[in-house]
S.K.: 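Okay, handing you the structure first.
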Protein chains: 2
Amino acid sequence: MAETLSPTVLTLKDIAREAGVSLATVDRVLHNRPGVRPDTVRRVKDAIARNSFQPHVAAAELARGRARRFAFVMPSGSNPFMQQIEAYLGEMAGWLSARRLNVEMIATDVFEPAALAASLEALSGDYDGVAVVALDHPSVRAAINDLVDAGAKVVTLVSDVPSSRRHHYVGIDNIAAGRTAGALVGRLVGQRSGKVAIIAGSQGLRDHAERIFGFNQVMATEFPDLSVLPVLEGRDEDDRSEQLLARLLGKHGDIVGLYNVGAGTQGVAKALNDKAQNAKASGAAGRDKQVVFVGHDVTALTRRLLLQGVMDAAISQNPGHEARAAVRVLLALARGEPILSEQEKIRIDIVMRDNLP
Amino acid sequence: MAETLSPTVLTLKDIAREAGVSLATVDRVLHNRPGVRPDTVRRVKDAIARNSFQPHVAAAELARGRARRFAFVMPSGSNPFMQQIEAYLGEMAGWLSARRLNVEMIATDVFEPAALAASLEALSGDYDGVAVVALDHPSVRAAINDLVDAGAKVVTLVSDVPSSRRHHYVGIDNIAAGRTAGALVGRLVGQRSGKVAIIAGSQGLRDHAERIFGFNQVMATEFPDLSVLPVLEGRDEDDRSEQLLARLLGKHGDIVGLYNVGAGTQGVAKALNDKAQNAKASGAAGRDKQVVFVGHDVTALTRRLLLQGVMDAAISQNPGHEARAAVRVLLALARGEPILSEQEKIRIDIVMRDNLP
DNA sequence: CATCAAATGAGTTGCGTACCTCAAAACACC
DNA sequence: GGTGTTTTGAGGTACGCAACTCATTTGATG
């Protein structure tokens with residue numbers, strides 16, 4: 001009826017006795033320090049495995065003495081998503097200090113490869129771990145690899161650099177996110193046929209490009225009645241996005257769906273609202289006439305738009321989860337603990353009005 | 001440019017010096033032990049606050065010596081959702097033992113108030129924390145309160161007993177979950193009008209009742225073209241669910257939506273498939289003729305149904321997250337640490353084919 | 001002022017590990 | 001067998017706190 005999930009754990013001393021060696025030797029094996037004969041190493045490792053020994057996290061942490069330093073390298077500027085990550089890290093202040101973890105935020109222009117690489121290089125040697133919202137560029141890749149070589153644990157956040165030797169990526173699969181957006185637009189449009197617009201920050205950004213790719217994939221294979229218009233590039237700016245979209249809506253009267261890949265949501269919403277006003281003025285109305293609008297991220301603005309019914313769904317990667325996962329992964333890496341991959345995996349959340357967090 | 005989120009933290013000794021008292025007195029204040037004048041208490045607390053002192057978790061954990069014991073009281077039987085929770089706890093085994101946490105699973109008939117209450121009473125005094133999938137019943141409530149009085153930290157899991165003095169609830173808002181299901185069915189049905197069926201385990205279960213309530217709320221206010229049929233009670237059994245649903249589908253030819261509130265998914269899917277076969281045989285076909293099917297939880301079965309297109313969306317509460325959150329909350333409560341409420345909040349996930357985890 | 005209880009100081013021990021030193025032992029090589 | 005090198009043992013200290021004991025001081029009360 002009762003089943004225990006955690007076997008009793010021995011201490012270092014017990015292992016030393018088991019293996020017939022001294023504490024010092026076990027310690028050497030445990031930390032891969034030199035000066036132990038291969039044969040002895042095996043004996044010790046056997047004893048460790050046999051007893052499924054695990055160092056007591058608390059004792060280890062206490063014994064090492066010094067605090068750990070982590071750096072979060074994030075975009076400068078007023079990106080609300082990044083601000084949320086910062087805010088959640090702030091909320092963790094107590095948790096962090098109780099574990100003697102120092103987390104520092106470093107703002108830099110992540111869209112400028114040279115600047116980002118320089119920021120990263122400057123960290124070398126001073127930090128136990130670095131989380132970075134990275135641009136995928138050769139010099140950035142090199143900077144990441146240098147950090148790794150210097151002994152730091154490196155985690156990419158939100159946007160990955162798969163070709164680097166970073167230890168972990170904390171973020172979503174953007175192709176799947178785009179597919180999800182596509183499926184939502186397609187299904188919510190229903191039986192209507194017509195055109196679908198896409199507005200992104202820039203197709204040069206890896207995450208945006210991947211989302212568009214996934215979106216088009218689903219559109220092409222599953223919703224043949226919908227035709228996708230060429231992508232508008234709004235540079236994540238409100239004004240520009242509004243103008244581009246307004247013009248497009250004017251040109252094509254039969255737009256039934258809209259996918260906003262990045263930011264600039266304020267402008268997108270404005271253009272959509274203006275169109276709705278015109279439609280109402282000219283007599284057409286009702287749910288059937290509305291444009292299905294799917295975007296990304298839950299912010300104060302998108303929350304309002306969802307509640308008003310202007311926006312139909314937001315694809316979201318929980319920024320709080322990302323912040324905490326990045327810290328936990330860095331900590332686990334630094335401690336040499338395994339990562340709870342299931343826990344640290346970032347999910348693609350579909351947020352509609354009724355499951356707003 | 002760089003901003004530190006974690007101020008340097010002092011030790012107990014520093015606080016004692018600051019407050020002009022001895023270590024022993026700080027210790028007394030810190031642990032609410034008697035024998036300190038109110039005035040002195042304030043002086044010490046001021047010093048603690050002034051320096052934002054926090055005991056080093058590792059040191060505290062190490063000093064207390066003994067391991068902590070947690071119990072998970074879960075339904076007996078083969079509920080896949082509960083099995084997943086168990087599996088995720090198993091995955092955490094290393095994490096748990098590195099922290100000297102003992103987690104025991106205790107199976108009991110949670111639908112039998114007396115049995116559940118007895119199981120809970122039996123734990124009194126032996127455990128530092130208890131997580132329980134609870135039935136809301138007076139005797140269960142009393143048992144929970146007794147546990148709390150005995151000094152254990154109690155967390156309700158999945159299903160809450162709000163009237164008890166449990167310390168925390170780890171689970172979703174089931175009314176909001178029902179609303180979300182309603183919005184999905186309504187939106188995915190599109191312009192069609194017709195009837196919507198609901199099949200639940202039992203309306204006596206608190207979570208099921210709440211979901212149905214939320215679902216009907218949305219249906220009534222937002223989708224007047226859809227009429228909701230009386231709730232079928234399938235007792236979460238496959239056969240019974242299939243029979244009930246098959247009969248209903250036969251009786252009403254214009255069913256366009258279906259909400260499965262609990263389990264019994266296998267049977268529900270079978271009944272739906274049979275209907276689809278018949279429809280195809282009689283010439284009608286295409287997406288328009290399909291019944292929109294929304295259910296709960298991502299299991300091996302629902303995953304398959306989503307991929308096949310039989311099921312359109314699953315409302316899910318991440319069982320892995322629930323398991324880990326329950327452990328973390330119990331641990332934080334036992335340590336007297338604050339709970340990261342944002343982290344431990346369970347979200348209502350909408351899972352469709354393209355964002356399957 | 002004496003008496004007693006309450007408040008406080010001072011100190012000890014132990015938790016399990018990391019990290020260090022120094023000496024002893026084992027081994028390899030000529 | 002002697003030399004030099006590698007491997008191992010033994011032991012110590014420190015980490016920051018919990019939990020405890022016992023002596024001492026303070027304050028109130030009669």
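Computed from a predicted model, the values in this text were never measured in an experiment. All chains are named by letter (A, B, ...) in the order of the sequence lines, taking the proteins before the strands, and each is independently numbered beginning at 1.
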S.K.: Find the distance between CD1 (A:I339) and NE2 (A:H168) and round it off to the nearest 0.5 Å.
M.R.: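 It comes to 5.0 Å.
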S.K.: Take atom CZ of B:R17 and atom C1' of C:dA10, then tell me their distance rounded to the nearest Å.
M.R.: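 Interatomic distance, CZ of B:R17 to C1' of C:dA10: 16 Å.
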S.K.: How many Å lie between CG on A:L23 and P on C:dC15, as a whole number?
M.R.: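 Rounded to the whole Å, the gap is 14 Å.
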S.K.: What's the NE2-P distance between A:H56 and C:dT17, to the nearest Å?
M.R.: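 Taking atom P of C:dT17 as the reference, NE2 of A:H56 is at 8 Å.
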S.K.: Can you tell me how far C1' of D:dT7 sits from CG of A:N32, to the nearest Å?
M.R.: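 Value for this atom pair: 17 Å.
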S.K.: Does B:R37 get its side chain close enough to the base of D:dG27, under 3.5 Å, for a donor-acceptor pair?
M.R.: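 Such a pair does not exist between side chain and base.
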S.K.: So which of A:L157, A:V130, A:V133 actually passes side-chain contact (heavy atoms from CB on, under 4.5 Å) with A:V73?
M.R.: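 Answer after filtering A:L157, A:V130, A:V133: A:V130.
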S.K.: Whole Å only: how far is the CZ atom of B:R99 from the P atom of C:dT17?
M.R.: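 From B:R99 CZ to C:dT17 P: 14 Å.
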S.K.: Using whole Å, what does the distance between atom C1' of nucleotide D:dC20 and atom NE2 of B:H31 come to?
M.R.: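 Taking atom C1' of D:dC20 as the reference, NE2 of B:H31 is at 13 Å.
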S.K.: So, is B:T40 near the phosphate of C:dT8, with a side-chain N or O under 4.0 Å from OP1 or OP2?
M.R.: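 So the side chain of B:T40 is within the cut-off, an N or O lying under 4.0 Å from OP1 or OP2 of C:dT8.
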S.K.: Nearest to the side chain of B:F53, which nucleotide is it out of D:dC17, D:dA10, C:dG9?
M.R.: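 Of the options given, the side chain of B:F53 lies nearest D:dC17.
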S.K.: Under 4.0 Å between a side-chain N/O of B:T25 and OP1 or OP2 of C:dG9, yes or no?
M.R.: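 Yes, such a contact exists.
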S.K.: Send over the distance from B:D27 CG to C:dA10 P, rounded to a whole Å.
M.R.: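 Interatomic distance, CG of B:D27 to P of C:dA10: 15 Å.
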S.K.: When we call it a touch if two heavy atoms are under 4.0 Å apart, what does A:A60 touch: a base, just sugar-phosphate, or nothing?
M.R.: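 Touches sugar-phosphate only.
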S.K.: Would you indicate what A:R33 reaches in the nucleic acid, counting non-hydrogen atoms under 4.0 angstrom: base, sugar-phosphate, or nothing?
M.R.: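 Sugar-phosphate, no base atom in range.
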S.K.: What's the CG-C1' distance between B:D39 and C:dT8, to the nearest Å?
M.R.: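 Rounded to whole Å, this separation is 13 Å.
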S.K.: DNA chain C: B:A59 or B:V41, which has the more 5' nearest nucleotide?
M.R.: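 Going by which nucleotide is closer to the 5' end, it is B:V41.
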S.K.: In Å, rounded to the nearest 0.5 Å, how long is the span from CZ of B:R328 to CH2 of B:W95?
M.R.: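 Result: 7.0 Å between the selected atoms.
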S.K.: Out of C:dC15, C:dT17, D:dA18, which has the shortest distance to the side chain of B:L62?
M.R.: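 Closest of the options to the side chain of B:L62: C:dC15.
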S.K.: Starting from the 5' end of DNA chain D, give me the residue, B:Q54 or B:R28, whose nearest nucleotide shows up first.
M.R.: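 Upstream on the strand: B:Q54.
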S.K.: Would you state whether a donor and an acceptor, one from the side chain of B:R64 and one from the base of C:dG14, lie under 3.5 Å apart?
M.R.: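 There is none.
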S.K.: Using distance alone, with no hydrogens and no angle criterion, decide if A:Q343 and B:Y88 have a side-chain donor and acceptor under 3.5 Å apart.
M.R.: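 B:Y88 and A:Q343 do not have a side-chain donor-acceptor pair below 3.5 Å.
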S.K.: Counting any heavy atom closer than 4.0 Å, what does A:L12 reach on the DNA or RNA strands: base, sugar-phosphate only, or nothing?
M.R.: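 Sugar-phosphate contact only - A:L12 comes under 4.0 Å of backbone atoms but never of a base.
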S.K.: Salt-bridge test for B:R68 and B:E104: reply yes if a basic N is under 4.0 Å from a carboxylate O, no otherwise.
M.R.: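 No.
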S.K.: Which of these nucleotides, C:dG9, C:dC19, D:dG9, is closest to any side-chain atom of A:A24?
M.R.: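 Comparing C:dG9, C:dC19, D:dG9 against the side chain of A:A24, the answer is D:dG9.
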